[in-house]
Undergrad: 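To start, I am sharing the structure in question, which I have written as structure tokens.
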Amino acid sequence: LKLVARSQIFITLVAILLGLLIGALFLLVMGYDPMEAYSSLFSGMFGNMYNIGEMIQTVTPLIFTGLSVAFAFRTGLFNIGVEGQYIFGQLAAIAVATKLSLPAGIHQLAAVAIAMVAGGLYAGIAGVLKAKLQVHEVITTIMLNYIALGISNYMIRTVLHGNTTDRTPPVPDSATLHLGWLSDLFSGARMNLGIFLALVAVLVISWILNRTVLGYELRAVGFNTFASEYAGMSVARNITLSMVISGMLAALGGAVQTLGVTGYMPVSAEFTGVGFDGMAVALIGNNNPFGVVLSAFLFGGLSYGSATMQRDLGVPTEIIRIVMAIIIFLVAANGIIRALSRVLNRRGVRKS
Amino acid sequence: MSTLIIIGTILSNTLLYATPLIFAALGGVFSERSGVVNIGLEGLMTIGAFSAAVTTIDSGSPWLGLVVAMVAGAIFAIPHAIASISFQADQVVSGVALNFLGGGIALFLTKMLFNGAAQTQTVEQPFTKVSVGGISNVPILGDILTAYPTTYLAIILVVLTYVLLYKTPWGLRLRSVGEHPRAADTLGINVYSGDHQRCAGGNRRRVHVHRDHQQLYVQHDFRPRVYGVGCNDFRKMAPIRCDVGLFILWFCDFLGSYQPDFGVDTLRSQRMVEYAAVYPDHTSTGRRGWAGGSASCRWKTI
């Protein structure tokens, strides 16, 4: 088992290196200097305290959505609805934050908790449909994304809006997750409680998956539905539960982002993209909670740093998406890397 | 009379909006029937849109743009085919990669070619509406049938696809590979080459799609839109049925955009209704057991 894990990590690392390399080649072909571009990219990530802080801020929601996708994946479900659940989390959080007046502390707790419940129930719809009617979750969750976006815009326009109808009023101080002292430490970056919550969530999910009966059953159902059923596990219950937990994670990410970073919610014609990026994060992180943290930093970090690259050198930020695509691709088709390393090994043997 | 005109406008616009979806859905039908799940529709559509827009701006011929888009889409589908068939990668995952790649490359090149702008210039010579014979003189029917040439192309392709899939040996092989690769292999059908062809072919269809799109909205931007994913939802269906579904979908959407005229507040909420309306259909088509998807990704010749 250790060997398998090692080879999986090895493949991922090779994929990342190859991805960056092919990205560099692509830049070279397009007439940019790849060395210059990459150094600008990394200075955009780590150049000063502000950049580091903002990078962490960019990474945080990706950890949540990545974790959400990864959790569902581990239990055999492909949750494409993370985007919708994320939006639902944002909506519920902003609703509680702006419509209720509670003392600080309780207010945050209520907003986050209700957001999680809302996101969980929302994802649960797809879970129940899958469990009871065998409707494929990929299709239902895609649909639910649009429904979430529609509901969110409708609610903001009719109920939650402030002075203008296209956005909510700002989150009151009693409900914010913003951390002033930490922001000061990172020279004004929008720091908040999110990254800590994210790390706690990673630990909790890892514990649930690997150390509890529930996690064992969830993984078993994902691995072999029929065997699990034969062994006396309730397949329907586990599928539903898995979707609910996955939705809760996504919603938590949405709540954290709204309450901690943006501070309001606008009417939006398009998706945030955080949920879809979460898929990439989960796939590169090998659907392992800790892997998700690393790959969220890889993806979020590069995405954030690429803004500096575009500003300084005019290299379009999309190069990062291309690099990520290649990495996902190589991780998915890991046979390519295996074949490559086999060829290299053989050559090494022949030499010796 | 005015009601009739409204109905005519609605119908002709439904055709207009449904056109890109028909192309994409047919692509989906192709790859799904051959057992390849393709989440990468969106990325391929984006690439098609990009190459069509750039070619048309450069050459002034929308037809050339259409052809280039088809070729570009087929090329971009190749990695998906290789990964999911030769290397047995998870098809959903490599589809996701394709979405990232398509969107990434299209936007990257757009920014490069158009000095950092996130969208291309206006396409100066888009397709224009044509009408067949003297039909444009017929009051209502003329309005409906005076459509873009791509709309006609889409409808022709629906019929062609049906014939190809259900009335030719090639189509039979394709479907058998999709449904039961092992059995097909036993009968001497080459599962691999079949799958590859299918994947590329399917995607070629898909690519027209965005082509139409920028002729509808003259200005074009490359952010992912509803269409690709929406089309995915119909991919399990037979060609004709899928188009009926799409017509309904876009009819709803169009009604939504017409709401002001009917004195209803313009809300995007109609989306919810229309997607909710699609659900029952999936409950009937989705009964493929727990796992769903296709078997060919795990298919290996012994």
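Since we're looking at a predicted model, the values are computed, not measured. Convention: sequence-line order gives letters A, B, ...; per-chain numbering from 1.
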Undergrad: Counting only non-hydrogen atoms closer than 4.5 Å, does A:F276 touch chain B with its backbone (N, CA, C, O), its side chain (CB onward), both, or neither?
TA: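 A:F276 touches chain B through backbone heavy atoms alone.
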Undergrad: Tell me, for A:L77 versus chain B, whether the close heavy atoms (under 4.5 Å) come from the side chain, the backbone, both or neither.
TA: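 Neither; nothing under 4.5 Å.
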Undergrad: Check for me whether the distance between the ring centres of A:F26 and B:F108 falls short of 6.0 Å.
TA: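 Close enough - the centres of the two rings lie under 6.0 Å apart.
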Undergrad: If I take atom CG from residue B:L113 and atom CE from residue A:M30, how far apart are they, to the nearest 0.5 angstrom?
TA: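 Rounded to the nearest 0.5 Å, the CG-CE separation comes to 8.5 Å.
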Undergrad: Please round to the nearest 0.5 Å and tell me the distance separating atom CD1 of A:I319 and atom NZ of B:K111.
TA: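 If we round to the nearest 0.5 Å, A:I319:CD1 and B:K111:NZ are 11.5 Å apart.
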Undergrad: Can you list, pair by pair, the side-chain donor-acceptor contacts under 3.5 Å of residues 277-288 of chain A, counting residues two or more places apart and other chains?
TA:
unit_1, atom_1, unit_2, atom_2, d
A:D277, OD1, A:R321, NH2, 3.0
A:N288, OD1, A:F290, N, 2.8
A:N288, OD1, A:G291, N, 3.3

Undergrad: Begin from the C-alpha positions of A:I328 and B:F100 and carry the test side-chain contact (heavy atoms from CB on, under 4.5 Å) through to its verdict.
TA: CA-CA 9 Å; A:I328 300 169; B:F100 270 81; 4.3 Å; yes
Undergrad: Going by the rule side chain to side chain contact (heavy atoms under 4.5 Å, CB included), which residues pair with A:T272 if we only count those two or more places apart in sequence or in a different chain?
TA: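 With sequence neighbours excluded, A:T272 shows a side chain to side chain contact (heavy atoms under 4.5 Å, CB included) to A:E83, A:Y86, A:Q90, A:V274, given in chain and number order.
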Undergrad: Could you tell me which portion of A:F78 (side chain, backbone, both or neither) has an atom closer than 4.5 angstrom to a non-hydrogen atom of chain B?
TA: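 Interface part for A:F78: side chain.
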Undergrad: So, for A:A332 and B:S94, which heavy atoms are closest and what is the spacing to 0.1 Å?
TA: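 Closest pair (atom of A:A332, atom of B:S94, distance): CB-N, 4.4 Å.
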Undergrad: If every non-hydrogen atom of B:A97 is compared with every non-hydrogen atom of A:A325, which pair is closest and at what distance?
TA: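 Looks like O-CB, 3.4 Å.
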